[in-house]
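Below, each value reflects all heavy atoms present in this structure, side chains not excepted, and no hydrogens, waters or symmetry copies.
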Amino acid sequence: MRYSKTFIPTLRDDPADAEITSHKLMVRAGLLRKAASGVYTWMPIGLRVLRKVENIVREEMDNAGCLELLMPALQPAELWKQSDRWFAYGEEMMRLVDRHQREFCLGPTHEELITSIAKEIHSYKDLPKCFYQIQAKYRDEIRPRFGVMRSREFIMKDAYSFHATQESLDETYQLMQKAYARIVERCGLSYRVVKAAGGLIGGAVSEEFMVLADAGEDVVVHCENCGYAANLETASSKWHASGENEAREARKKVHTPNKSSINDLAQFLDIPKTSVVKTLIYKTGDSTVAALVPGSKEINPHKLASALGVGEVSLFSKEDFEKRPDIIQGFVGPIGLMNAKIVADNSLRSLSNFVVGANEVDHHFVNVNTESDFSADVWADLVFAEEGEACIDCDHGQLEGVRGIEVGHIFQLGTKYSSKMDAKYVDDAGREQLFIMGCYGIGVSRMVAAAIEQRNDERGIIWPKAIAPFDIHLMNLTKDEAGLKAADEIYNQLLDKNEVLYDDRLLSPGIKFTDADLLGLPVQIIVGKKFAEKKMVEIKIRETQKRYDVEVDKLSDWLTALDEN
RNA sequence: CGGGAUGUGGCUCAGCUUGGUAGAGCGCAGCGUUCGGGACGCUGAGGCCGCCGGUUCAAAUCCGGCCAUCCCGACCA
């Protein structure tokens, strides 16, 4: 492609509304333009990158035996009402009404639609089946952010598998896991696979593919020793509460004037923060939940929600406390608490003689012990794992935290959707059975941003070859006939084996160099003054900035050698 | 939705405190000189100062409302 014939509007300044590197570079290099918050145009050169990622994904899905189809983005409300997600999805769903007042949404995901299609699989003999599509998804994010990293319209590859048995699902799940690993590797990115929370999609087994980058919105907790890795939302650790093995003493109520914070209270009573147990009041639906965790640890609301088997919990607000005058903010405790489910962190089992609120202004109980003083309705791991704590799997490795960008997520769904939507096949005994399902998503547009986030320098983007918009950036710096002709010839030759961007513009060299580094194609070939003198061109490797002078005749050998290592 | 900030040619911004002629750099067009890391000179085009209303002889500037955009939190590919 001749530069003069394409359209790559590059910018000198960072756009004012971009915060992170990948977003700034995507706009500056002319890949992306904003239409509205979280809604973007993929410019010609950006689209080339997107298509390359799509094609890698497509190849790997096809190799894994998946079938590509294309479902509509526009979906009728009825389907979503069958699965109850018309309500559960809430504000995040883009909804619209047609001229006949029929309700629709723009699909945030396609479990319902694909399940309705899968109903045409009637026999176990036709299982398993895995379908996928690459298509725009719509989610009315509370806060779109960071360009296409978190946008409201984005390109996703979503796949859905249907099975007769759990074993079959396991097999496909493993296959998809391998395919996903290959996709991220082929895109040239370093990543980690982590245990994940199911979220709104649901399901018991779920893993995320995280591209490692400081600008990532997620924190990956991992163990260098055994390779354990999990999203901070679900990560667990081994840590020890103090006060184990102490002789249990009798509970006592003490006066603690204005000491409602953990810090103040620990100081006032002269005890470690681990011995103060905080009681946090949450609501979920109409019910009230009291969550007990050691004062030194942060509660993880995701874990609380899954311990309760609900989608979401929210902390009591001022208004909630006003409605429950029996719950006294700052002095809440499990003893004598009415009409609230008590969920306690597992660590409290090995903690004795701790402190809790007395449900009375300015009072706490000391020397509290589980079993003798109160009992929990649910025991669970409720706290965030922290850096430096011992690994839950191997016991002796230390946990570390790194930031990552979630580019893929795979789930085992079980019969969650097939049961709601009554999707069945007939088994070998002639009986109807619900499909067992899995689903597998890759953020294709996000992958592009993640790649830039991981690979850039102060000059611009450094594309991995597999997803670069072109392979070679050829530029002609000469103005004389001979140089022009030579550059044209080199361009035509290179086209046989490469995708070439040929900067044929009549501009000063500085502009061409700067644009080339900003665009970040892996290899630059420069036809300049050495051509007139010695019939030589210069090859520059974008990543290393290293330059090599090469005779024109040897150019193709050189490029072949470059490809091979 | 809560907290913070911003809106002025295509882009990045100044001007607003103290009301009175709309500015700079870059980009764009033309001419000339340059030509290996965003060259230079001259000339020129381009702006309902986010929108609506108010105050005033007079509003980019002061006041009110709305809208849009960005950042921090809950959401997630």
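Nucleic acid contact class of A:R459 (heavy atoms, under 4.0 Å, all strands): base. Here A:E141 lies in heavy-atom contact (under 4.0 Å) with a base. Within 4.0 Å (heavy atoms only), A:D515 reaches at least one base atom of the nucleic acid. Residue A:E91 is classed as having no contact, given no heavy-atom separation below 4.0 Å to the nucleic acid. Within 4.0 Å of A:K34, counting heavy atoms only, lie sugar-phosphate atoms of the nucleic acid but no base atom. Within the nucleic acid shown, A:I442 comes within 4.0 Å of sugar-phosphate atoms alone, with no base atom in reach, counting heavy atoms only. Within the nucleic acid shown, A:P15 comes within 4.0 Å of sugar-phosphate atoms alone, with no base atom in reach, counting heavy atoms only. Using a 4.0 Å heavy-atom cutoff across all strands shown, A:G90 reaches no nucleic acid atom at all.
Rounded to the nearest 0.5 angstrom, A:L501 CG and A:R2 CZ are separated by 11.5 Å.
Of the listed nucleotides (B:U69, B:C75, B:U12), B:C75 has the atom at the smallest distance from the side chain of A:R145. Of the candidates B:C26, B:G36, B:C75, B:G36 carries the atom nearest the A:I526 side chain, counting heavy atoms from C-beta on. With distances taken from any side-chain atom of A:R446 to the nucleotides B:G27, B:C76, B:C72, the minimum falls on B:C76. Among the nucleotides B:G37, B:C76, B:U12, the one closest to any side-chain atom of A:F513 is B:G37. Closest contact between the side chain of A:R139 and the listed nucleotides B:C76, B:U12, B:G38 involves B:C76. Listed nucleotides: B:A39, B:U12, B:C76. Nearest to the side chain of A:D13: B:U12. The side chain of A:D517 has B:G37 as its nearest neighbour among B:G37, B:C11, B:C76. Of the candidates B:G36, B:U69, B:G37, B:U69 carries the atom nearest the A:A36 side chain, counting heavy atoms from C-beta on. Considering only the side chain of A:D17, B:U69 comes nearest among B:A77, B:U69, B:C75. With distances taken from any side-chain atom of A:S151 to the nucleotides B:U12, B:A77, B:G36, the minimum falls on B:A77.
Dashed line: the shortest gap from a side-chain N or O of A:T514 to OP1 or OP2 of B:G37 is not under 4.0 Å. Distances shown here put a side-chain N or O of A:S37 below 4.0 Å from the OP1 or OP2 atom of B:C70. Within the 4.0 Å cut-off from OP1 or OP2 of B:C75, not a single side-chain nitrogen or oxygen of A:R143 is found.
A:F162 places none of its side-chain heavy atoms less than 4.5 Å from the side chain of A:S418. Residues A:M43 and A:P9 have side chains in contact (heavy-atom distance under 4.5 Å, counting atoms from C-beta outward). With a 4.5 Å cut-off on side-chain heavy atoms, A:V194 and A:E207 do not count as touching. Looking only at side-chain heavy atoms (C-beta outward), A:D218 and A:L232 stay at 4.5 Å or farther from each other.
Distance A:F154 CZ to B:C75 P: 16 Å, rounded to the nearest Å. Between the CE atom of A:M93 and the C1' atom of B:C75 there is a distance of 14 Å, given to the nearest Å. Summarising the geometry, the separation between CD1 on A:I142 and P on B:C76 is reported as 9 Å, rounded to the nearest angstrom. In this structure, A:E19 atom CD and B:C72 atom P are separated by 6 Å, rounded to whole Å. Across the protein-nucleic acid pair, A:K512 atom NZ and B:G37 atom P stand 14 Å apart, rounded to whole Å.
Counting only N and O atoms by type, the side chains of A:Y191 and A:E185 include a donor and acceptor under 3.5 Å apart.
Ring centroids of A:Y491 and A:Y502 are separated by less than 6.0 Å, placing the two rings close together.
For A:R459, the salt bridge (charged side-chain N to carboxylate O under 4.0 Å, His left out) partners are A:D517, not counting sequence neighbours. For A:R182, the salt bridge (charged side-chain N to carboxylate O under 4.0 Å, His left out) partners are A:E60, not counting sequence neighbours.
Taking atom C1' in both B:G38 and B:G25, the straight-line distance is 13 Å, to the nearest Å. Taking atom C1' on both nucleotides, B:C1 is separated from B:C75 by 13 Å, rounded to a whole Å. Taking atom C1' in both B:A22 and B:C31, one finds a spacing of 29 Å when rounded to whole Å. One P atom belongs to B:G23, the other to B:G15, and the distance between them is 16 Å to the nearest Å. Using atom C1' as the reference point in both B:G73 and B:C13, the two lie 30 Å apart (nearest Å).
For RNA chain B, each stem of at least three Watson-Crick or G-U pairs (distances under 3.5 Å) is given as range with range: B:1-7 with B:67-73, B:10-13 with B:23-26, B:28-33 with B:39-44, B:50-54 with B:62-66.
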